[in-house]
Amino acid sequence: MASYFDPERARAPPAIPMATPSVTKFKIALCQLSVTPDKERNIAHARKAIEDAAGKGAQLVLLPEIWNSPYSNDSFPIYAEDIDAGGDASPSIAMLSEVSRLLKITIVGGSIPERSGGRLYNTCCVIGTDGKLKAKHRKIHLFDIDIPGKITFMESKTLTAGETPTIVDTEVGRIGIGICYDIRFQELAMIYAARGAHLLCYPGAFNMTTGPLHWELLQRARATDNQLYVATCSPARDTRSGYVAWGHSTLVGPRKHAESLETKGKLLLFHQKKGGGGGGGGGLFGEVLATTEDEETIIIAEIDYSLIEERRTSLPLTKQRRGDLYQLVDFERLNSQ
Ligand SMILES: NC(=O)CCC(=O)C(=O)O
């Protein structure tokens with residue numbers, strides 16, 4: 001159906017059509033890890049969790065934000081690694097690289113403090129099935145908040161913000177990366193969707209004030225607005241640590257058993273085999289497919305990318321955008337043309 005509203009122009013440059021990846025259906029693991037001040041233990045512990053996840057069939061493993069170090073400005077400089085130097089200068093990423101190669105899985109390696117050019121970053125490494133570093137995302141939006149009497153945290157005291165969005169083609173689809181606070185900025189997710197992402201991964205450590213209010217809401221919003229999968233992974237909660245994480249690692253996407261769509265007069269009915277799953281009866285996008293509480297655990301859940309196209313056909317937002325009224329500009333893509 002032709003549109004007079006120029007939906008193509010709502011994205012500048014125009015959106016890249018979503019490609020069909022070689023693997024469309026696979027298992028993802030969200031490793032909600034306990035993190036201690038003992039870095040060697042954290043690395044060995046993460047390795048064991050990844051091995052367990054792969055043993056349960058996961059082809060993609062997601063780790064938490066800052067999993068090799070306590071989450072604190074005092075710790076970041078001490079635990080930071082020179083990822084580009086590799087080897088002994090970055091034992092955390094060397095471990096991820098070895099284990100992904102041995103197990104032939106893709107790892108979205110949560111984040112660790114990175115030291116580079118005299119600066120510190122909060123950095124997520126994506127490792128391919130060959131053990132090679134495919135992409136490095138430096139947290140773009142630093143977590144600087146001050147809610148009096150509740151929580152004050154200033155990542156910018158020690159960390160520098162990253163400069164570029166990160167989207168990467170892996171064996172399990174095109175994945176856009178954000179780290180925790182990055183999830184609050186919908187423009188980043190929109191840019192990833194316009195670049196053809198199937199899945200957004202956000203390692204994150206929300207806190208006990210904003211976590212209960214916003215963590216699930218933001219994940220469901222990013223998934224619903226952009227009609228794709230969203231996966232998050234938090235450290236397990238440790239009430240004795242200086243920063244107490246909310247936990248609740250989650251996978252959001254279209255629920256499988258909700259596809260039967262029936263029209264009765266003008267009323268559209270979505271039949272679901274199961275209730276719940278994040279509330280809302282649509283079955284189109286933004287359902288909570290798997291989640292947990294605050295303790296250490298590994299969530300294994302199925303992703304099926306074929307549902308994305310199917311659901312986008314039912315709810316054709318991309319064809320209905322008003323390019324005559326607004327526009328999302330992806331400066332990086334625009335300037336590289
Ligand atoms: N580590 C973070 O970026 C925490 C973000 C957070 O808690 C929020 O409310 O946003």
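All ligand and atom numbering here is 1-based and tracks the order in the structure. Each residue takes its place number in the sequence, starting with 1.
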Review point. Under the 4.5 Å side-chain heavy-atom rule for ILVMFWY, direct or indirect, which residues accompany L325?
Key: Y326

Would you list the atom pairs, donor with acceptor, under 3.5 Å between side chains in residues 166-178 and any protein atom, with sequence neighbours excluded?
| residue | atom | partner | partner atom | Å |
| --- | --- | --- | --- | --- |
| T166 | OG1 | H137 | ND1 | 2.8 |
| D169 | OD1 | R174 | NE | 2.7 |
| D169 | OD2 | R174 | NH2 | 3.3 |
| T170 | OG1 | V172 | N | 3.0 |
| T170 | OG1 | G173 | N | 3.4 |
| T170 | OG1 | G173 | O | 2.8 |
| E171 | OE2 | T129 | OG1 | 3.1 |
| R174 | NH1 | R195 | O | 2.8 |

Review point. Quick check: does any side chain N or O of D294 sit under 3.5 Å from a backbone N or O of G247, one acting as donor and the other as acceptor?
Key: no

**Study point:** Side-chain donor or acceptor of E81 paired with backbone N/O of I112 under 3.5 Å
**Key:** no

Exercise for review: Please write out which residues are connected to I298 in a hydrophobic cluster, directly or through intermediates, given that two of Ile, Leu, Val, Met, Phe, Trp, Tyr count as joined at side-chain heavy-atom separations below 4.5 angstrom.
Suggested key: I300

Point to revise | Side-chain H-bond candidate by donor/acceptor type, H248 with Q219, under 3.5 Å | key: no

What are the distances between nitrogen or oxygen atoms of ligand 1 and protein nitrogen or oxygen atoms, counting only those under 3.5 Å?
| residue | atom | partner | partner atom | Å |
| --- | --- | --- | --- | --- |
| ligand 1 | 1 (N) | E65 | OE1 | 2.9 |
| ligand 1 | 1 (N) | Y71 | OH | 3.0 |
| ligand 1 | 3 (O) | K139 | NZ | 2.8 |
| ligand 1 | 3 (O) | Y181 | N | 3.2 |
| ligand 1 | 7 (O) | N207 | N | 3.4 |
| ligand 1 | 7 (O) | N207 | ND2 | 2.7 |
| ligand 1 | 7 (O) | T210 | OG1 | 3.4 |
| ligand 1 | 9 (O) | R184 | NH2 | 2.8 |
| ligand 1 | 9 (O) | T210 | OG1 | 2.6 |
| ligand 1 | 10 (O) | R184 | NE | 2.6 |
| ligand 1 | 10 (O) | R184 | NH2 | 3.4 |

